[in-house]
Chemist: 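Just dropping this structure here.
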Amino acid sequence: MSNPLPPVSSAPLIVVGAAIVNDRGQVLAAQRAEPPALAGCWEFPGGKVEPGESDVSAIVRECREELGVEVELVERLGPDLPLQRDFGVLRVWIARLAEGEPTALEHAALRWLDATELDDVAWLPADAPLIDELRVRLAEW
Ligand code: 9L3
Ligand code: MG
(Lines give C-alpha, C1' and ligand atoms only; values in the text may rest on other atoms or scores of the structure.)
(Ligands and ions follow the chains in the order given, each with its own letter.)
Protein backbone atom coordinates (compact mmCIF):
# COMPACT_ATOMS: atom_id res chain seq x y z
CA MET A 1 0.00 0.00 0.00
CA SER A 2 1.36 3.43 -0.82
CA ASN A 3 1.28 6.19 1.74
CA PRO A 4 -0.36 9.33 0.34
CA LEU A 5 1.47 11.61 2.81
CA PRO A 6 4.98 12.93 2.14
CA PRO A 7 7.72 11.89 4.57
CA VAL A 8 7.63 13.94 7.76
CA SER A 9 10.90 15.53 8.78
CA SER A 10 11.68 15.48 12.50
CA ALA A 11 13.71 18.68 12.24
CA PRO A 12 11.66 21.83 12.82
CA LEU A 13 11.81 24.33 9.99
CA ILE A 14 13.84 27.37 10.97
CA VAL A 15 14.01 30.31 8.61
CA VAL A 16 16.70 32.85 9.43
CA GLY A 17 16.82 36.52 8.54
CA ALA A 18 19.50 39.21 8.75
CA ALA A 19 18.71 42.73 9.94
CA ILE A 20 21.88 44.24 8.46
CA VAL A 21 22.63 47.62 10.05
CA ASN A 22 25.17 50.02 8.53
CA ASP A 23 27.38 52.65 10.18
CA ARG A 24 24.66 55.27 9.68
CA GLY A 25 22.15 53.28 11.74
CA GLN A 26 20.12 52.21 8.71
CA VAL A 27 18.76 48.69 8.22
CA LEU A 28 18.62 46.84 4.90
CA ALA A 29 15.10 45.93 3.76
CA ALA A 30 14.72 43.55 0.82
CA GLN A 31 11.64 43.32 -1.41
CA ARG A 32 10.63 39.77 -2.31
CA ALA A 33 10.34 38.86 -5.98
CA GLU A 34 8.61 35.52 -5.34
CA PRO A 35 6.45 33.54 -4.67
CA PRO A 36 3.52 35.54 -6.09
CA ALA A 37 1.73 35.58 -2.70
CA LEU A 38 4.72 37.34 -1.07
CA ALA A 39 6.12 39.30 -4.03
CA GLY A 40 6.29 43.03 -3.38
CA CYS A 41 6.49 42.64 0.40
CA TRP A 42 9.66 43.53 2.31
CA GLU A 43 11.70 41.25 4.55
CA PHE A 44 14.96 40.74 6.35
CA PRO A 45 16.92 38.75 3.75
CA GLY A 46 17.53 35.10 4.56
CA GLY A 47 16.08 31.64 4.12
CA LYS A 48 15.81 28.11 5.40
CA VAL A 49 18.42 26.54 7.67
CA GLU A 50 19.61 23.39 5.90
CA PRO A 51 19.93 20.01 7.64
CA GLY A 52 23.09 19.93 9.74
CA GLU A 53 23.61 23.67 9.43
CA SER A 54 23.57 26.16 12.33
CA ASP A 55 21.35 29.23 12.22
CA VAL A 56 24.44 31.44 12.21
CA SER A 57 26.02 29.62 9.24
CA ALA A 58 22.71 29.76 7.39
CA ILE A 59 22.52 33.56 7.72
CA VAL A 60 26.09 33.98 6.47
CA ARG A 61 25.35 31.67 3.50
CA GLU A 62 22.03 33.34 2.64
CA CYS A 63 23.60 36.82 2.71
CA ARG A 64 26.28 35.60 0.29
CA GLU A 65 23.72 33.98 -2.02
CA GLU A 66 21.07 36.70 -1.97
CA LEU A 67 23.15 39.88 -1.53
CA GLY A 68 26.75 38.99 -2.45
CA VAL A 69 28.07 40.23 0.91
CA GLU A 70 29.89 38.87 3.96
CA VAL A 71 28.20 39.63 7.26
CA GLU A 72 29.13 39.23 10.89
CA LEU A 73 26.37 38.67 13.40
CA VAL A 74 25.89 41.00 16.35
CA GLU A 75 22.93 39.67 18.38
CA ARG A 76 19.43 38.30 18.09
CA LEU A 77 16.51 40.59 17.30
CA GLY A 78 13.36 39.54 19.13
CA PRO A 79 12.10 36.00 19.74
CA ASP A 80 11.44 33.22 17.24
CA LEU A 81 8.25 34.17 15.42
CA PRO A 82 5.69 31.87 13.78
CA LEU A 83 5.77 31.43 10.00
CA GLN A 84 2.27 30.56 8.99
CA ARG A 85 2.85 29.48 5.40
CA ASP A 86 5.67 27.13 6.31
CA PHE A 87 4.71 25.84 9.79
CA GLY A 88 8.13 26.89 11.05
CA VAL A 89 9.70 29.84 12.82
CA LEU A 90 11.52 32.98 11.73
CA ARG A 91 14.71 33.77 13.67
CA VAL A 92 16.32 37.16 12.97
CA TRP A 93 19.79 38.33 13.92
CA ILE A 94 21.18 41.85 13.76
CA ALA A 95 24.26 41.83 11.53
CA ARG A 96 26.96 44.16 10.23
CA LEU A 97 28.53 44.22 6.80
CA ALA A 98 32.03 42.77 6.86
CA GLU A 99 32.66 42.91 3.11
CA GLY A 100 30.89 44.10 -0.02
CA GLU A 101 27.88 46.24 -0.88
CA PRO A 102 24.49 44.47 -0.99
CA THR A 103 23.17 43.70 -4.48
CA ALA A 104 19.65 42.44 -5.20
CA LEU A 105 20.72 39.06 -6.66
CA GLU A 106 17.37 37.43 -5.81
CA HIS A 107 15.20 40.30 -4.57
CA ALA A 108 13.15 42.84 -6.55
CA ALA A 109 14.73 45.79 -4.70
CA LEU A 110 16.80 46.79 -1.67
CA ARG A 111 16.43 49.86 0.55
CA TRP A 112 18.38 51.23 3.52
CA LEU A 113 15.88 52.53 6.09
CA ASP A 114 16.61 54.66 9.13
CA ALA A 115 14.60 54.49 12.35
CA THR A 116 12.05 57.01 11.03
CA GLU A 117 11.51 55.15 7.74
CA LEU A 118 10.71 51.65 9.02
CA ASP A 119 7.00 52.04 8.36
CA ASP A 120 7.54 53.22 4.78
CA VAL A 121 7.55 49.64 3.42
CA ALA A 122 5.03 46.78 3.69
CA TRP A 123 6.83 44.17 5.79
CA LEU A 124 5.99 40.48 5.50
CA PRO A 125 3.54 39.47 8.25
CA ALA A 126 6.21 37.23 9.82
CA ASP A 127 8.80 40.06 10.03
CA ALA A 128 6.44 42.89 11.05
CA PRO A 129 6.38 42.13 14.83
CA LEU A 130 10.13 42.88 14.99
CA ILE A 131 9.89 46.43 13.68
CA ASP A 132 9.07 48.18 16.98
CA GLU A 133 12.09 46.66 18.73
CA LEU A 134 14.28 47.41 15.70
CA ARG A 135 13.20 51.07 15.77
CA VAL A 136 14.49 51.37 19.35
CA ARG A 137 17.76 49.61 18.49
CA LEU A 138 18.39 51.83 15.43
CA ALA A 139 17.70 55.00 17.40
CA GLU A 140 20.42 53.94 19.89
CA TRP A 141 22.87 52.70 17.21
N1 9L3 B 1 10.30 34.33 5.24
C2 9L3 B 1 9.78 35.30 6.02
N3 9L3 B 1 10.54 36.30 6.46
C4 9L3 B 1 11.87 36.35 6.13
C5 9L3 B 1 12.43 35.33 5.32
C6 9L3 B 1 13.87 35.37 4.93
C7 9L3 B 1 11.59 34.31 4.89
N8 9L3 B 1 12.63 37.38 6.60
C9 9L3 B 1 9.42 33.24 4.74
C10 9L3 B 1 9.14 33.39 3.27
C11 9L3 B 1 9.07 32.00 2.78
C12 9L3 B 1 9.91 31.18 3.76
O13 9L3 B 1 10.10 32.00 4.90
O14 9L3 B 1 7.71 31.56 2.88
C15 9L3 B 1 11.25 30.72 3.20
O16 9L3 B 1 12.01 31.84 2.80
P17 9L3 B 1 12.92 31.80 1.48
O18 9L3 B 1 13.81 30.61 1.60
O19 9L3 B 1 11.97 31.69 0.32
O20 9L3 B 1 13.66 33.11 1.50
MG1 MG C 1 15.40 33.94 0.90
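Counting starts at 1 for both ligands and their atoms, in listed order.
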Chemist: What atoms of ligand 1 come within less than 4.0 Å of a heavy atom belonging to L124?
Modeler: 2 (C), 3 (N)
Chemist: Considering residues, nucleotides and ligands other than E99, do more than 12 of their heavy atoms fall under 6.0 Å from its CD?
Modeler: no
Chemist: Atoms of ligand 1 less than 4.0 Å from G47 heavy atoms?
Modeler: 6 (C), 18 (O), 20 (O)
Chemist: Contact between ligand 1 and R32 is defined here as a heavy atom of the residue under 4.0 Å from a ligand atom; is it met?
Modeler: yes
Chemist: Taking the six-membered ring for Trp, is the centroid-to-centroid distance between F44 and W123 below 6.0 Å?
Modeler: yes
Chemist: State, with a plain yes or no, whether a side-chain heavy atom of L28 is found less than 4.5 Å away from one of L67.
Modeler: yes
Chemist: Taking 4.0 Å as the limit for heavy-atom contacts, which would you say applies to L83 with ligand 1: side chain only, backbone only, both, or neither?
Modeler: side chain
Chemist: Does K48 bring an N, O or S atom to within less than 2.8 Å of the Mg ion (ligand 2)?
Modeler: no
Chemist: Would you say L90 and L124 make side-chain contact, with heavy atoms under 4.5 Å?
Modeler: no
Chemist: What's the atom name of the N, O or S in E66 nearest to the Mg ion (ligand 2)?
Modeler: OE2
Chemist: Need the ligand 1 atom indices (1-based, order shown) with element for anything under 4.0 Å from a heavy-atom of L90.
Modeler: 3 (N), 4 (C), 8 (N)
Chemist: Give the atoms of ligand 1, by number and element, whose distance to some non-hydrogen atom of G46 is under 4.0 Å.
Modeler: 6 (C), 20 (O)
Chemist: I'd like to know if the side chain of Q31 reaches the main chain of G40, judged simply by a donor and an acceptor atom lying under 3.5 Å from each other, with no hydrogens or angles considered.
Modeler: yes
Chemist: What do the steps show when you test R32 against E34 for salt bridge (charged side-chain N to carboxylate O under 4.0 Å, His left out), and what is the final call?
Modeler: CA-CA 6 Å; R32 286 194 71 100; E34 49 80 43; 3.7 Å; yes
Chemist: Would you check the N or O atoms of P45, main chain and side chain alike, for any that come under 3.5 Å of an N or O of ligand 1?
Modeler: no
Chemist: Check if G17 has a non-hydrogen atom at a distance under 4.0 Å from any atom of ligand 1.
Modeler: no
Chemist: Is D120 close to R111 at the side-chain level, that is, under 4.5 Å between some pair of heavy atoms?
Modeler: yes
